[in-house]
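Here is the structure we will look at, set down as structure tokens.
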2 protein chains.
Amino acid sequence: MATIRDVAKRAGVSVATVSRVLNNKGYAHEDTRKLVNDAIKELNYKPNEVARSLYKKKSRLIGLLLPDIRNPFFPELARGVEDEMQEQGLHLIIGNADEKPEKEIDYIQTFKQNNVIGIISATNHAETKLYENLSFPVVLLDRITGSYPSVYADGLDGGKIAAQEMVRRGSKRIALLRGPIELRTAQDRFKGAVDELCDANVDFQVITSSFSFHDAEKMAKTLFEKFPETDGIIASNDLSAAAILHEALRIGRSIPDDLQIIGYDDIPLSKLLFPSLSTIRQPAYDMGREAAKLLMNIINNKPLAQKNIQLPVTFIERQTTRKVEEND
Amino acid sequence: MATIRDVAKRAGVSVATVSRVLNNKGYAHEDTRKLVNDAIKELNYKPNEVARSLYKKKSRLIGLLLPDIRNPFFPELARGVEDEMQEQGLHLIIGNADEKPEKEIDYIQTFKQNNVIGIISATNHAETKLYENLSFPVVLLDRITGSYPSVYADGLDGGKIAAQEMVRRGSKRIALLRGPIELRTAQDRFKGAVDELCDANVDFQVITSSFSFHDAEKMAKTLFEKFPETDGIIASNDLSAAAILHEALRIGRSIPDDLQIIGYDDIPLSKLLFPSLSTIRQPAYDMGREAAKLLMNIINNKPLAQKNIQLPVTFIERQTTRKVEEND
DNA sequence: ACTATGTGTGTAACCGGTTACACAAAAGAG
DNA sequence: CTCTTTTGTGTAACCGGTTACACACATAGT
């Protein structure tokens, strides 16, 4: 690999001049510029990011921390972040925290040691302590904790809409699934639904479970055994909804006539289920992009319109809910 | 952040001594060791990976290049790679090439500029040229091209098994989906199936399509319109199979009685479909781990038992194929 | 006692960039 | 035509590690 000194020699100038041309900083004569640029092309020179990073204490890397890369919701977020960053000439180190705090700590350490200029974190535990003494900004994605800037979708509204649609479509004995207690976003959508259900003339019960579909599978079995009269389920995410749907079909429930299900997230898989899953759509890709933009604004000290960006959710009507007359 | 000089001062020794203790290299008196280690703890010192990387021209980073992070097969691979690397104290920069050669080039450049010690690539195009003049090893994952070391699953066998199972279960007019021509792995599973179908007393036809489910959706529609008599479909991957299954149910085909479907990959979603998808399982997680091990062996100049590692595939019987008597 | 070898430690160069500073030449001001 | 300001360029220090090399001292061999 050619170094800046090779380029300098070839162009017959000093390394400082090359650096100035490279970064468009300080003075450089037009003729010299050309000499340098020619040399760069001839040698196919690419600056060594590591050397740069060492001196500037800043790389061109962003750390992205995901809780579970296998949940399709997160790759979707990641794509949004990636696309936005790419347009800014930045790159991602994606870390999969696997819902384990040790891994999270480990990745934050790596990010630090590699001079990332910022972190976007979508992890569950979000031990805010971990993020406290960092020399670069942190943006939380799909998470709300403490006073960190964040991007998330409107969980209260999402829960509310889910409950409304469920009631409007005639379910009377509803099971409401509650995601991990420590996740503010999970609690919001839960709370939104609870408030709505309390106001409606329906019975409902609450079941707490994680976001993973392994847990959801087991939970679904017990749910149908213990409460066979349930005629509507509001899941805490699509993965759980898929597990429930699967179990419901297995034991012969008729969907949506006998049992309605509403998921949450609108991951790509939801459309592929049969019957396809009605769900509350979170704009994952856009959330990723917004988080990236927000982080860049913070890094560049741009004035922030708002530190917390909330995106709207929408109800996606598919086949696990019954049709109703449109008259609102 | 404390530097090695801070540690040296605190411990009352030179930086060279600290470095030697840090890396367990060269001599260091037991007492000095303790002094240094104490200072490290007191200052909570962590070596700056960037500085290290600059001098050694080697980081502790591995580049992982995926063609499409949204296809659940790849996160699964990534997890395998990640887990293995983590045990070796290494970290991943995951790049999503998005099936675009420009992005692939861009990421390889980033990998270079950040002194990765190796790349694992699962991209489609695998323009081997891109990987030619790198100063670090490359391992291909789920891909076979030219003479690069690689890890993949046995596609010929996979295709063969799929065809056998399909025939054994009585389908007579089979549609065989063929994945992207440029992908050797896709071609292998196709070829395996063709060979088997030719020997069997069945009609079959070939349809080429990409791995994305958007394409598969459209393809499924035309397939059922033009060839309504099809009674068995061997898909090129699970995502396509899911799209086909969805369309088949939509138009009222009875599965598996009237139409059998076999997928390929066994992504987590396959189990969640209804009816759940019979498929050829590729051990994605293990493939990732093996690729990581292989890369590490190359990096550490360990003798290689084999440059190309082929893992076996298995038929996973679920509900999109009919039951048969077990008598082999 | 005299060298050969092993142990323990420090000094300084190096990795490949960036930039503070010095200095010279050119341009502009009076 | 001198004096200031702007422009253009080079030298060398710096970022925070690693390591070649020099040197001091201890131990062992003869």
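Residue numbering restarts at 1 for every chain, and letters A, B, ... go by the order of the sequence lines.
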- [ ] Look up atom CD1 in B/Ile105 and atom NZ in B/Lys100, then write down how far apart they are to the nearest 0.5 Å.
- [x] 13.5 Å
Task: nucleotides 23-29 of chain D: protein proximity per nucleotide (B base, S sugar-phosphate only, - neither; heavy atom, under 4.0 Å) - done: -------
Open item on the list: Is there a side-chain contact between A/Gln109 and A/Lys112 in this structure, where contact means two heavy atoms from C-beta onward sitting under 4.5 Å apart?
Closed with: yes
TODO: Name all pairs fulfilling the salt bridge (Lys or Arg N to Asp or Glu O under 4.0 Å) condition that reach into residues 1-16 of chain A, sequence neighbours left out, sorted by first residue then second.
DONE: A/Arg10-A/Glu42
Task: Heavy-atom check, side chain of B/Ser19 versus side chain of B/Ile4, under 4.5 Å - done: yes
List the atom pairs, with distances to 0.1 Å, where a side-chain N or O of residues 60-73 of chain B and a protein N or O form a donor-acceptor pair under 3.5 Å, not counting sequence neighbours.
from: B/Asp68; atom 1: OD1; to: B/Arg70; atom 2: N; distance (Å): 2.9
from: B/Arg70; atom 1: NH1; to: A/Glu76; atom 2: OE2; distance (Å): 2.8
from: B/Asn71; atom 1: OD1; to: B/Phe73; atom 2: N; distance (Å): 3.1

- [ ] Only counting residues at least two apart or in another chain, list the ones meeting side chain to side chain contact (heavy atoms under 4.5 Å, CB included) with A/Pro137.
- [x] A/Leu295, A/Ile298, A/Ile299
Open item on the list: What's the angle between the local helix axes at either end of the helix from C/dA1-D/dT30 to C/dG30-D/dC1, using five pairs per end and rounding to 10 degrees?
Closed with: 40°
Task: Distance-only polar pair, side chains of A/Gln86 and B/Tyr107, donor-acceptor under 3.5 Å - done: no
Task: Close side-chain approach of B/Asn48 and B/Thr3, heavy atoms under 4.5 Å - done: no
- [ ] Rounded to the nearest 0.5 Å, what's the gap from NZ on B/Lys58 to CD on B/Glu49? Could you check?
- [x] 14.0 Å
Task: 5' precedence on DNA chain C between A/Arg20 and A/Met1 (nearest-nucleotide basis) - done: A/Met1
Task: Interface with DNA chain C, restricted to residues 32-54 of chain B and to heavy atoms under 4.0 Å - done: B/Thr32, B/Leu54
Task: DNA chain C-proximal residues of residues 10-19 of chain A, any heavy atom under 4.0 Å - done: A/Ala16, A/Ser19
- [ ] Kindly compute the distance separating CG (B/Leu90) from OG1 (A/Thr110), expressed to the nearest 0.5 Å.
- [x] 10.0 Å
TODO: Among residues two or more places apart or on two chains, list those pairs meeting ring pair (Phe, Tyr, Trp, His ring centres under 6.0 Å) that have a residue in residues 11-60 of chain B.
DONE: none
TODO: Output every pair passing salt bridge (Lys or Arg N to Asp or Glu O under 4.0 Å) with a member in residues 113-124 of chain B, not counting sequence neighbours, ordered by first then second residue.
DONE: none
Open item on the list: Taking salt bridge (Lys or Arg N to Asp or Glu O under 4.0 Å) as the cut-off, I'd like each qualifying pair that reaches into residues 286-295 of chain B, sequence neighbours left out, listed once.
Closed with: B/Glu84-B/Arg289, B/Glu87-B/Arg289, B/Glu290-B/Lys293
Task: For chain B, the stretch of DNA chain C it reaches, first to last nucleotide, under 4.0 Å of its heavy atoms - done: C/dG6 to C/dG16
- [ ] Kindly state each residue pair satisfying salt bridge (Lys or Arg N to Asp or Glu O under 4.0 Å) with at least one member in residues 15-35 of chain B, sequence neighbours excluded.
- [x] B/Lys34-B/Asp38
Task: Any B/Phe74 side-chain heavy atom under 4.5 Å of B/Asn96 side chain - done: no
